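Counting starts at 1 for both ligands and their atoms, following the listed order. The first residue of the sequence shown is numbered 1, and numbering continues consecutively from there. Being a predicted model, the structure only gives us computed values, none of them experimental.
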Amino acid sequence: MATKIPYKMYLTEEEMPKAWYNVKANMKTQHPPFINPATQKPCTKEDLQAVFCDDCIDQELNETDEYIEIPEGIRNFYTNFRPSPLVRAYFLEKVLDTPAEIYYKFEGNNTSGSHKLNSAAAQAYYAKKQGLTSITTETGAGQWGTALAMASAFYGLNLDVYMVKVSSEQKPYRKEVIRTYGANVIPSPSNTTNAGRKILEQFPGTGGSLGCAISEAVEKAVTTPNCRYVLGSVLDHVLLHQSVIGLESKIALDKYGVTPDVIIGCVGGGSNYGGLIAPYMGERLQGKNNIEFIGVEPASCPSLTRGKFVYDFCDSAQTTPLAKMYTLGCGFMPSPNHAGGLRYHGMSPIVSQLYHDGYMKAVSVEQSRVFDAAVKFAKCEGILPAPESAHAICAAVDEALKCKKEGKKKVILFGLTGTGYFDLAAYKQYNDKTMTDYIPTDADLEKGFDTIPKCAVNEGLL
Ligand SMILES: *Cc1c(COP(=O)(O)O)cnc(C)c1O
C-alpha cells in the first residue's frame, strides 16, 4: 500500500505562502472595468480612492502580476489562524461508500468562523498603513463583521459595522462577539445615513438587505474624515487575498502527489471559491490541467445559474460603481424563508467572467438538501458546517455518489468555508421540520431584473 495520506494535512508556518496568486494575470479575457455611473466612463483610480484604500485599489486594477507579496505584517497576523488544515474525508467516503477520494480545506478554525479573516487582515493592514483611523463595512450573516472586528482590533482601527437588521435580531450573540472586539454595530437600515433613512421611509419595518447595508456603509465612509469602506467579497482584491486558501491546498496536495479532478465550492459573492480555485484555474487557463470547477449556489438566490451577465450596481441604493457581473438585479431580495446565507444579488466579476467563458460550471441546490448534507457531514466528520459551506458539501456528496454509480475514482476537493455555531436558528428549523424550499419563478426573477439600471453600458452604447 502506498503511503497513507493523513486525515489532516497541515503545513508548517514556514510553508505558508509568501505571495498571493493573481489569477487575472493568466486570464485571456479580463472582465470589463467598473463604470462610474455619473460619467458612464470606466472608473479611474481617483474615483475609487474616495471609497477604498489605496493599496487595495492597486491590487484591484492589477491584471499583470501573477504573484503579489503578502506583507510580513499580514503574514504575522495570519499565524493566528493559518495554515488551515486540508482534511481527507475518510469518514464521509466510508459513509457514502464511494470510490472517490474527498478532500476539504477547512477555513473555520478562527473566531469569525470563516475564511473571511484572510481578507479582513489584509484590508485592515492596508488601511492602517495608509494612516486611516477608521473603516466601515456591512455584514449579513455576521462572519465578515466579526472577521473585520478582529482585524481592526489587531491593527488598531475604529470600525462601524452596518449589520442587516433581521440578522442582528436573529443572531444577538454574533453581534456581541463583534462588539467584544471593539467595533460598533448598527442595525441596517438605520437613521444614521441618508440611504438608510430613505429605505426606512419607503419600506417601514423592513428587515434590511446586504445591498442596503452596503449603501449605508459606503455613505458613512465617504462622509467621515480618514475613513474608507471595505468589502468582504465580490471585488478582485478580495479574491486575491483568498487565494491563500487555494495556494495552501495545492502545496499540501502536491506533497502527497494528489491532483484534484473536481474542485467544488459555495459561491456567495464568489471570493472564497475564486480563492480556492485560483492556482488551479491559473494552470487550467494555461492548458496545464483539465480540472472541472463547480460553483454551488442556493436555488433561492441563483445569480450564476439564472442571473443576467450585465452591468449592475453592487448595492440596492444604486450608489456604487457599476460592475459587469452575473446578477439578479440590485433590488433583488431573497425570500425570507431562505436560511442559508449566500444571499447577495451579484457575483464576483472574475468568477462571472470565468463562468461566462466556460471555464467553470455552476449548480444550484435547495436548502433542505443542503441541510441534509450538512447533518450527514457533521455526524461523520465532526464539524458542524456553516449552511453556506454545506452547499459545497451537498454538491461534493452528489459528485461522490455519481462516482459510485459510474464506478469512477475521482479526486474531489471542496472548500469548507466555516462553522455553523451561529446558524442554529436555521438548524432548528431543519430539526423541527419547518424548513421549506423556495425556488423563485421566472416572474419573481423578472422583478429583480427590472432593477438592473438602464444605462449606456447595458444598451451597448459605450
Ligand atoms: C461569507 C461566507 C461565504 C460566502 O463567501 P463568498 O466568498 O462571498 O462567496 C461562504 N461561507 C461562509 C462560512 C461565509 O462566511
Side-chain angles (χ1 to χ4, degrees), residues 81 84 104-120 123 137-150 161 163-164 167 171 174 177-178 210-211 213-214 230-246 264-278 293-298 301-304 314 325-326 334 338-352 354-355 360 362 364-365 370 374 377 383-395 414-423 426:
F81 60 102
S84 73
Y104 59 90
K105 180 70 165 165
F106 180 46
E107 290 292 314
N109 262 337
N110 68 72
T111 298
S112 83
S114 84
H115 64 280
K116 297 221 171 53
L117 201 49
N118 298 327
S119 186
Q123 296 196 58
T137 198
E138 76 295 329
T139 198
Q143 290 93 320
W144 170 244
T146 310
L148 198 61
M150 293 168 71
V161 179
M163 185 166 188
V164 177
S167 168
K171 302 183 176 183
R174 176 66 89 178
V177 180
I178 300 176
L210 260 188
I214 294 176
V230 302
L231 187 61
S233 187
V234 185
L235 298 177
D236 297 1
H237 66 273
V238 184
L239 263 76
L240 175 77
H241 304 151
Q242 296 299 353
S243 70
V244 70
I245 305 173
I264 296 170
C266 63
V267 285
S271 73
N272 86 79
Y273 188 59
L276 172 68
I277 64 176
F293 299 95
I294 308 175
V296 192
E297 59 186 13
C301 191
S303 50
L304 283 176
C314 304
M325 58 184 176
Y326 278 86
H338 169 63
L342 310 175
R343 33 174 81 237
Y344 187 59
H345 67 272
M347 182 53 62
S348 137
I350 292 179
V351 170
S352 293
L354 290 169
Y355 177 66
M360 59 173 275
S364 73
V365 283
V370 167
F377 179 85
I383 299 168
L384 183 74
E388 293 92 337
S389 323
H391 287 74
I393 299 174
C394 184
F414 75 88
L416 189 71
T417 48
T419 47
Y421 307 130
F422 285 106
D423 299 285

- Task: Please name all residues satisfying side-chain hydrogen bond (donor to acceptor under 3.5 Å, both in side chains) with Thr139, sequence neighbours left out, ordered by chain then number.
- Result: none

- Query: Which one holds for Val234 and ligand 1: side chain close, backbone close, both close, or neither close, with close meaning a heavy atom under 4.0 Å?
  - Reply: neither

- Do we see a donor-acceptor contact under 3.5 Å between the side chains of Ser112 and Thr146? no

- Query: What are the atoms of ligand 1, with element, lying closer than 4.0 Å to any heavy atom of Ser271?
  - Reply: 6 (P), 7 (O), 9 (O)

- By number and element, which atoms of ligand 1 are closer than 4.0 Å to a non-hydrogen atom of Cys266? 10 (C)

- Task: Examine Gly418 against ligand 1 and note whether any of their N/O atoms are separated by less than 3.5 Å.
- Result: no

- Can you tell me how far the CE atom of Met163 sits from the NZ atom of Lys171, to the nearest 0.5 Å? 7.0 Å

- Would you mind running through ligand 1 and noting each atom that sits below 4.0 Å from a heavy atom of Ala386? 13 (C)

- Task: Using distance alone, determine whether Val267 and ligand 1 share an N or O pair under 3.5 Å.
- Result: no

- Query: Looking only at heavy atoms, is any part of Lys116 under 4.0 Å from ligand 1, and if so is it the side chain, the backbone, or both, or is it neither?
  - Reply: side chain

- Message: Could you check whether any side-chain N or O of Thr137 sits under 3.5 Å from a backbone N or O of Val230, counting only pairs where one atom can act as donor and the other as acceptor?
- Response: yes

- Touching ligand 1 at all, Gln242? Heavy atoms, strictly under 4.0 Å? no

- Task: Look only at interatomic distance and state if Ser389 has a nitrogen or oxygen under 3.5 Å from any nitrogen or oxygen of ligand 1.
- Result: no

- Task: Can you sort out which atoms of ligand 1 are near Leu342, meaning under 4.0 Å from one of its heavy atoms?
- Result: 4 (C)

- Note on the structure: Residue set satisfying side-chain hydrogen bond (donor to acceptor under 3.5 Å, both in side chains) with Gln242, at least two apart, ordered chain then number -> Asn118

- Message: Donor-acceptor pair, distance only, cut-off 3.5 Å: does the side chain of Gln123 make one with the backbone of Leu231?
- Response: yes

- Any N/O pair Gly269/ligand 1 closer than 3.5 Å: yes

- Find out whether Leu416 and Phe377 are in side-chain contact, i.e. whether some heavy atom of one side chain is under 4.5 Å from a heavy atom of the other. yes

- Determine the sole option in Thr111, Asn109, Leu117 for which the side chain to side chain contact (heavy atoms under 4.5 Å, CB included) test with Phe81 is passed. Leu117

- Looking only at non-hydrogen atoms, which of Leu117, Thr419, Thr417 approaches atom 11 (N) of ligand 1 most closely? Thr417

- Please check if the side chain of Ser348 supplies one atom and the backbone of Ser271 the other of a donor-acceptor pair under 3.5 Å. no

- Identify, by atom number and element, the atoms of ligand 1 in contact range of Glu388, meaning under 4.0 Å from any of its heavy atoms. 10 (C), 11 (N), 12 (C)

- Task: Under 4.0 Å from a heavy atom of Ser114: give me the atoms of ligand 1 that qualify, with their elements.
- Result: 13 (C), 15 (O)

- Task: Please report which non-hydrogen protein atom sits nearest to atom 9 (O) of ligand 1, along with the residue it belongs to and the distance in Å to one decimal place.
- Result: Gly268 N, 2.7 Å

- Message: Students should be able to answer this: which protein heavy-atom is nearest to atom 5 (O) of ligand 1, and at what distance?
- Response: Asn272 ND2, 3.2 Å

- Message: Ser233 versus ligand 1: do any nitrogen or oxygen atoms come within less than 3.5 Å of each other?
- Response: yes

- Query: Is Lys105 reaching over with its side chain to a backbone N or O of Gly246, donor-acceptor style, under 3.5 angstrom?
  - Reply: no

- N/O donor-acceptor pair under 3.5 Å between Ser389 side chain and Gly418 backbone: yes

